[in-house]
Amino acid sequence: MVLTDFVRLMNGSNRCNGRVEVYQGGHWKKVCSSDWTKEDANVVCREISCGSPLSQTIPSHFGEAHNLNGVKTHYSKPIRLVNGTNRCSGRVEVYHQGQWGTVCDDRWGMQEAAVTCREMNCGNALSVKYKAFFGGGRDQVWLDDIECTGHEKTIADCPHRGFGEHDCDHSEDAGVVCSESVRLMNGTDSCSGRVEVLHDDHWGRICNNNWGNREAAIVTLRAFSSRCSGNVSSISQCGLQEHSGSCRGVSVSCQGSPTVRLVNGTDRCSGRVEVLHDGQWGTVCDDEWDIKDAQVVCRAMDCGTAQTAKSGAFFGEGQGDIWLDDVNCFGNETSLQHCKRPSFGENNCGHSEDAGVICSATIRLINGTDECSGRVELHHGGHWASASSVNWGMNEAAVVCREMNCGDPVKVLGSYGAGGEQRGYQVSCSGRETSLTLCSLREYPSGSRIQEAAVQCSGEM
């Protein structure tokens, strides 16, 4: 047998032939012969330093695999987490050209963490880590400036500079913390959804037979019955029994712990920025406050795209502590706390300098080259959903650009990635509406696959 971190050859006569197995999702899996090509064989031989393939012998020639799931070869880049406290936390590394390398934390955010956790079969993303939190790696930095939508199958599928193209060193290695044994599916946010647990290497939903507040508090295919008792911190520590027959899955909605709020605005997505620290709400000073900082706040509030960063106590002066000053965000962080800044409470400001934001509330542009371009999503009925490209034209684009404070439409379609959404709306506007949600909206049936609309605005008002 010959073995690398990702591929092995089994039952061959020497180290350079045998049945191909790959490591994926925590298991070794055989490779199905139906789509096997000469290029696939080339990849394997090159990876195990065995030259070029002599033949593409079907796997059964070297014996049948037992207790292994099949996988069709697509050869996305393998991924691993290093130096974490469990298999679902650590420094992110990808495998490319026969070598493991790290990911730079520039633009590293919650969307990228979500893709990583899903690729690792590790439930939901809990937090992102910066500045080599799990220690610095060695050798290559393979990826930089990754920008995921959160729906990609692998981290290598997300837009990035190109393998090996970066301006980082290992002091900027990115990391993640994933939930490992529990995930919430199809909820309205990261703290709600259908409960599924990882048990015996399979994700299964929880039946509601014995479900109550105790089980829901801990959560903060195959099916399982559960009963929690005592002081346990994970649903995996509760009594889980495989359930046969019909099963009605349970869902949970957790309160979460907000660390930012907007005060004195005209709606929930505008106002004076306040953050929670040491149990007290305090304001943010407007020194160095700009649209990138506002973008982080709007994302944390689930409020679409930042339209304006306000200074000079535009929404009135706050009281008490001024917690943050000289905030300097990249724009992709999940919290102001993750941005470069002095320590909490360290400032030279008065409340006449309290910072504020105005977010778009009902519309956002995804994967654009700036805040005035991208794929169009609207917030309607408690959900973010894509706008369909069907009948999408300059009238609809004009409403978007006006609502985003981005001038006039320049293009109505562009290549800004696919959202992978299974819900969406066909939008029809006169062009005079003040918000896209005031246009005629027709929802597509659940499960429909739509081509999403996009827009590029001039950015000048």
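- Salt bridge D167/R161: present, at least one basic N to carboxylate O contact under 4.0 Å.
- A donor-acceptor pair under 3.5 Å links the side-chain atoms of S458 to the main chain of D408, judged by distance alone.
- Between H338 and Y130, the shortest heavy-atom distance links the atoms CB-CE1, 3.6 Å.
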Checklist line | Test side-chain contact (heavy atoms from CB on, under 4.5 Å) applied to V176 and F133, step by step | finding: CA-CA 9 Å; V176 297; F133 181 89; over 6 Å; no
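- Here the side chain of R364 pairs no donor or acceptor atom with the backbone of A306 at under 3.5 angstrom.
- Aromatic ring pairs are classed by plane angle as parallel below 30°, tilted from 30° to 60° and perpendicular above 60°; the pair F163 and H96 is parallel.
- Sulfur-sulfur distance for C117 and C122: not below 2.5 Å, with no disulfide indicated.
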Query raised in the report: For F134 and V177, what are the C-alpha separation, side-chain angles and deciding distance, and is it a side-chain contact (heavy atoms from CB on, under 4.5 Å)?
Result: CA-CA 10 Å; F134 293 105; V177 177; 3.9 Å; yes
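- In this structure, D287 CG and L324 CG are separated by 12.0 Å, a value rounded to the nearest 0.5 Å.
- Taken together, the cysteine pair C439 and C429 places its SG atoms within less than 2.5 Å of each other.
- Atoms CZ and SG, on R268 and C303 in that order, are 4.0 Å from each other to the nearest 0.5 Å.
- Under 3.5 Å, the side chains of Q307 and S360 contain no donor-acceptor pair of N or O atoms.
- One N or O on the side chain of S435 and one on the backbone of T437 form a donor-acceptor pair closer than 3.5 Å.
- When all heavy atoms are compared, the tightest approach of F315 to V357 is CE1-O, 3.6 Å.
- Checking side-chain atoms of W142 against main-chain N and O of Q99 turns up a donor-acceptor pair under 3.5 Å.
- With hydrogens and angles disregarded, no donor-acceptor distance shorter than 3.5 Å links the side chain of W281 to the backbone of V260.
- Expressed to the nearest 0.5 Å, how far CZ of F344 lies from CG of D321 amounts to 11.0 Å.
- Between the side chain of T154 and the backbone N or O of D157 there is at least one donor-acceptor pair closer than 3.5 Å.
- Here the two cysteines C298 and C359 have their SG atoms closer than 2.5 angstrom.
- Between L436 and L441 the shortest heavy-atom distance is O-CD2, 3.9 Å.
- Put simply, the side chain of D293 gets close to the backbone of C329: a donor and an acceptor are under 3.5 Å apart.
- Residues E93 and R91 have side chains in contact (heavy-atom distance under 4.5 Å, counting atoms from C-beta outward).
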Under the criterion disulfide bond (SG atoms under 2.5 Å apart), I'd like the reasoning laid out for C285 against C349: C-alpha separation, chi angles, the key distance, then a yes or no.
CA-CA 6 Å; C285 183; C349 306; 1.9 Å; yes
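- Atom OG1 of T283 and atom CD of Q319 lie 10.5 Å apart (nearest 0.5 Å).
- The shortest distance between side-chain heavy atoms of V275 and T259 does not fall below 4.5 Å.
- In plain terms, the two heavy atoms of H170 and D139 that are nearest each other are NE2-O, 2.8 Å.
- Here SG of C178 is found 9.0 Å from CZ of R87. Values are rounded to the nearest 0.5 Å.
- At least one side-chain heavy atom of M404 sits less than 4.5 Å from a side-chain heavy atom of L365.
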Applying side-chain contact (heavy atoms from CB on, under 4.5 Å) to W108 and V92, what does each step give before you reach the verdict?
CA-CA 11 Å; W108 186 251; V92 181; 3.8 Å; yes
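- In this structure, the side chains of Y425 and L378 come closer than 4.5 Å at one or more pairs of heavy atoms.
- For D302 and W384, the side-chain atoms include at least one donor-acceptor pair closer than 3.5 Å.
- For the disulfide bond (SG atoms under 2.5 Å apart) criterion with C401, the lone passing option out of C457, C372, C406 is C457.
- Under the 4.5 Å side-chain criterion, counting only non-hydrogen atoms from C-beta, K131 is in contact with D105.
- The shortest non-hydrogen separation linking G271 to L262 is O-CD2, 4.0 Å.
- Under the side-chain hydrogen bond (donor to acceptor under 3.5 Å, both in side chains) test applied with T149, the options E152, H151, E147 reduce to a single match, E152.
- We find the CD-OG distance between E396 and S440 to be 9.5 Å, quoted to the nearest 0.5 Å.
- V455 is not listed as a side-chain neighbour of V412, based on a closest heavy-atom distance of 4.5 Å or more.
- When side chains are defined from C-beta on, P342 does not count as touching N347, because their heavy atoms never get closer than 4.5 Å.
- Although no hydrogens or angles enter the test, the distance criterion places a donor-acceptor pair under 3.5 Å between the side chain of S389 and the main chain of Q451.
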- Message: Would I79 and Y95 count as a side-chain contact (heavy atoms from CB on, under 4.5 Å) here? Give the steps.
- Response: CA-CA 6 Å; I79 188 173; Y95 194 70; over 6 Å; no
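- Nearest heavy atoms, P78 versus W100: O-CZ3, 3.7 Å.
- A distance-only check finds a donor-acceptor pair linking the side chain of E119 to the backbone of I155 [under 3.5 Å].
- Taking the side chain as every heavy atom from C-beta outward, D286 and D354 never approach each other to under 4.5 Å.
- In the model, E403 has a side-chain atom that pairs as donor or acceptor with a side-chain atom of T362 under 3.5 Å.
- Panel note: side chain R299, backbone A294; no donor-acceptor pair is recorded below 3.5 Å.
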